[in-house]
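Quick caveat, the model's predicted, so the values are computed rather than measured.
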Protein chains: 2
Amino acid sequence: MSAKTTDTKQEILSIGRDLLKKVGYNAFSYSDISKQLNIKNAAVHYHYPTKEDLLADIVNNYIEDYKKLELGLANSNLKTVDKISVFADRYAHLIDMESICIIGSVASDFYTLPEAVKDKVVSLTNLVLGMVAKVLEKGRADGEIFFKEEAHTKALLIMTNLAAGVQLARITGKKDFESIRTALIDQLKK
Amino acid sequence: MSAKTTDTKQEILSIGRDLLKKVGYNAFSYSDISKQLNIKNAAVHYHYPTKEDLLADIVNNYIEDYKKLELGLANSNLKTVDKISVFADRYAHLIDMESICIIGSVASDFYTLPEAVKDKVVSLTNLVLGMVAKVLEKGRADGEIFFKEEAHTKALLIMTNLAAGVQLARITGKKDFESIRTALIDQLKK
DNA sequence: ATACTTACTTACTAATAAGTAAATAATATT
DNA sequence: AATATTATTTACTTATTAGTAAGTAAGTAT
C-alpha cells in the first residue's frame, strides 16, 4: 500500500468537499479538481470513477466527522452553551471559507442528486439534528439552559438559523450571522 | 404590440423562476425551458439573449412581487401574527412546489452568479428582511407580539428558520417545517 | 403595396462536461 | 530481477451547454 495513493485520493476528497460547499454539486467539475492538483482529468476518474462516487464519499466523510464530534462532545466537560457554541463556531468558520454547510448545499441541489446519495444525506441530517437535540435535552435536564419547545424542534430552530445564516451572510455580510449567533445563545440562557 | 410576445416571454420567465427555485441556477438550461414551451432554443435567446438576462429579470420580478406584498400588508387589517403567517404560508407552499425560496437558491449559487445580478439579490434580500422587520416592529409597538431582540435580528431569526426549514423539508420531510412554523408563531405570542 | 418589426426556426459554433480505453510510469511483492 | 499492482497520462467519445448568424413567416405601420 503506497503513500501516494492515499494522498491523492484524500486530496481529491478534500477539494471536492470544498467545492461542494462553495459552489454546489452542479457547479464544479473534475477539471476543477484536476487543475488544482496538477494532474489530468482521468486521474480523478481513477480514484472516483463517477462524480456520484465522489459525492457519496464526501457525504460519508461528513457522517464520520460528525460521529467523531458527537463522541468528542459527549466526553467533554463543556457547558451546554459552549457545546452549542461549537456548532455556531463551525458555521461561522464556513463564512470565512466562502462556504455554506453541506446539508444546505445538497438540499439546494437535492432534485438533481443521484438517488443513492439522497439516502446518505438523510442519514447525515438526522445524525446532526439528533446530536444537537441530545445536547439540548441534556442541558435542559441539567438545568443549564432553558427552552420550551421539544428538543427536536429546538434543534431544528437553531440549526436552520445557523444554516440559513451562513447562506445569508454571502448576501448581506457576516454581521447578520453574528447577530443570529448572539441571539441564539442568549435565548438559551433564558 | 402583439399579445403573443408578452405571452412567450412571460412563460419563459415563469418557467425560469420555477426552475431556479427547484434545481438552482447552474442546473437548468435554456433547453429545459424551450422543451416545456415547445419552441426552439434560439427562441428563448430571442427573448433573453443570455442566461444572465433571464436571471436578472427573475430577480427583478421578485423585487416587484415583494413590493406589492409590502403594500398589501401595509393596507391590510391583518393582525401581526397573521402577517407573519402570510410569510410562513408562502414558504410552506414552496415545499409543495418542490422549491426553495429564491434567496436561498441564489445564496447557494452565489459565487457562480454574474456580478451584476449579485447587486439585485442584495436589494431583494434587504427588501424582504426590511419588510419583516417593519411588521415585527409595528406589531411590538402595538402590543400584539413580543420579542426581546432588535426587530432586524428577529427578522433574521424568523426568515432563516423559514428558508432553511424549506430546504430541510426536502431531506427530512414537511413535518419538520411545520414544527418550525408552529414554534415560530408561538414564540411571538410569548 | 411596401417597408419594417416581431417572433420565431434552422443550422451552426466553441466550450465544457462526464466518462472510457489503452498505453505507460512508478511502486511493491515475490 | 521478474512480476504484479497501483497510479497516472494520452487520446478519445458522447452529450450538453450557452450563444449566434441567417433566414422566414406573420403581423403592423406608412
Side-chain angles (χ1 to χ4, degrees), chain A residues 1-20 22-59 105-106 108-109 111-118, chain B residues 1-20 22-59 105-106 108-109 111-118:
Chain A
M1 188 175 285
S2 77
K4 220 176 171 215
T5 308
T6 309
D7 276 8
T8 304
K9 190 167 185 177
Q10 278 293 117
E11 282 175 310
I12 292 169
L13 181 66
S14 172
I15 292 169
R17 215 168 35 184
D18 290 348
L19 286 168
L20 181 65
K22 185 168 181 184
V23 300
Y25 186 63
N26 297 302
F28 79 86
S29 70
Y30 271 28
S31 162
D32 293 325
I33 295 172
S34 62
K35 276 174 194 157
Q36 277 193 52
L37 290 175
N38 275 309
I39 56 176
K40 301 294 159 180
N41 220 295
V44 182
H45 279 283
Y46 169 76
H47 293 286
Y48 292 105
T50 70
K51 205 178 169 185
E52 170 172 354
D53 294 324
L54 174 58
L55 179 63
D57 211 24
I58 292 172
V59 177
S105 173
V106 296
S108 298
D109 293 337
Y111 291 112
T112 69
L113 296 186
E115 285 303 319
V117 179
K118 289 184 186 174
Chain B
M1 191 174 284
S2 77
K4 216 174 176 218
T5 308
T6 310
D7 277 9
T8 303
K9 189 167 186 178
Q10 278 293 117
E11 282 176 310
I12 292 170
L13 181 65
S14 172
I15 293 169
R17 214 167 36 183
D18 290 349
L19 286 169
L20 181 65
K22 185 169 182 184
V23 301
Y25 185 63
N26 297 301
F28 78 85
S29 69
Y30 271 27
S31 164
D32 293 324
I33 295 172
S34 62
K35 276 174 194 155
Q36 278 193 51
L37 290 175
N38 276 308
I39 57 177
K40 300 296 160 180
N41 220 296
V44 182
H45 280 284
Y46 169 75
H47 292 287
Y48 291 105
T50 70
K51 207 179 169 187
E52 171 173 352
D53 293 325
L54 174 57
L55 179 62
D57 210 23
I58 292 172
V59 177
S105 174
V106 295
S108 299
D109 294 336
Y111 291 112
T112 68
L113 296 186
E115 286 303 318
V117 178
K118 289 183 184 175

With 3.5 Å as the limit, what N/O pairs link the protein to nucleotides 9-14 of chain D?
from	atom 1	to	atom 2	distance (Å)
dT9(D)	OP2	Lys40(A)	N	2.8

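- Taking 4.0 angstrom as the limit, His47(A) places a side-chain polar atom (N or O) nearer than this to OP1 or OP2 of dT8(D).
- The interatomic distance linking Phe28(B) (CZ) with dT16(D) (P) rounds to 18 Å, in whole Å.
- Across Leu20(A) and Tyr25(A), no two heavy atoms sit closer than the pair CD1-N, 3.6 Å.
- In this structure, Lys40(A) has no side-chain hydrogen bond (donor to acceptor under 3.5 Å, both in side chains) partners at least two apart in sequence or on a different chain.
- Going from atom CD1 of Ile33(A) over to atom P of dG19(C) covers 11 Å, rounded to whole Å.
- Between Ser29(B) and dT16(D) there is no side-chain polar atom (N or O) within less than 4.0 angstrom of OP1 or OP2.
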Can you give the donor-acceptor pairs under 3.5 Å from side chains of residues 30-37 of chain B to other protein atoms, not counting sequence neighbours?
from	atom 1	to	atom 2	distance (Å)
Tyr30(B)	OH	Tyr48(B)	O	2.8
Tyr30(B)	OH	Thr50(B)	O	2.7
Tyr30(B)	OH	Lys51(B)	N	3.2
Ser31(B)	OG	Lys35(B)	NZ	3.2
Asp32(B)	OD2	Ser29(B)	N	2.9
Ser34(B)	OG	Tyr30(B)	O	3.3
Ser34(B)	OG	Ser31(B)	O	3.2

Go through the steps for Val59(B) and Val117(B) under the test side chain to side chain contact (heavy atoms under 4.5 Å, CB included), then give the verdict.
-> CA-CA 8 Å; Val59(B) 177; Val117(B) 178; 4.1 Å; yes
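- Following rounding to the nearest Å, Asn26(B) (CG) and dA18(C) (P) show an atom-to-atom distance of 12 Å.
- Distances shorter than 4.0 Å separate none of the side-chain N or O atoms of Thr50(A) from OP1 or OP2 on dA18(C).
- To the nearest 0.5 Å, atoms OG (Ser14(A)) and CG (Asp7(A)) are separated by 11.5 Å.
- To the nearest 0.5 angstrom, His45(B) atom NE2 is 10.0 Å from Leu54(B) atom CG.
- Contacts of Tyr48(B) with the nucleic acid, taken as non-hydrogen atoms under 4.0 Å apart, are absent.
- The OH-C1' distance, from Tyr30(B) to dT17(D), rounds to 12 Å in whole Å.
- The distance between atom NZ of Lys51(A) and atom C1' of dA15(D), rounded to the nearest whole Å, is 15 Å.
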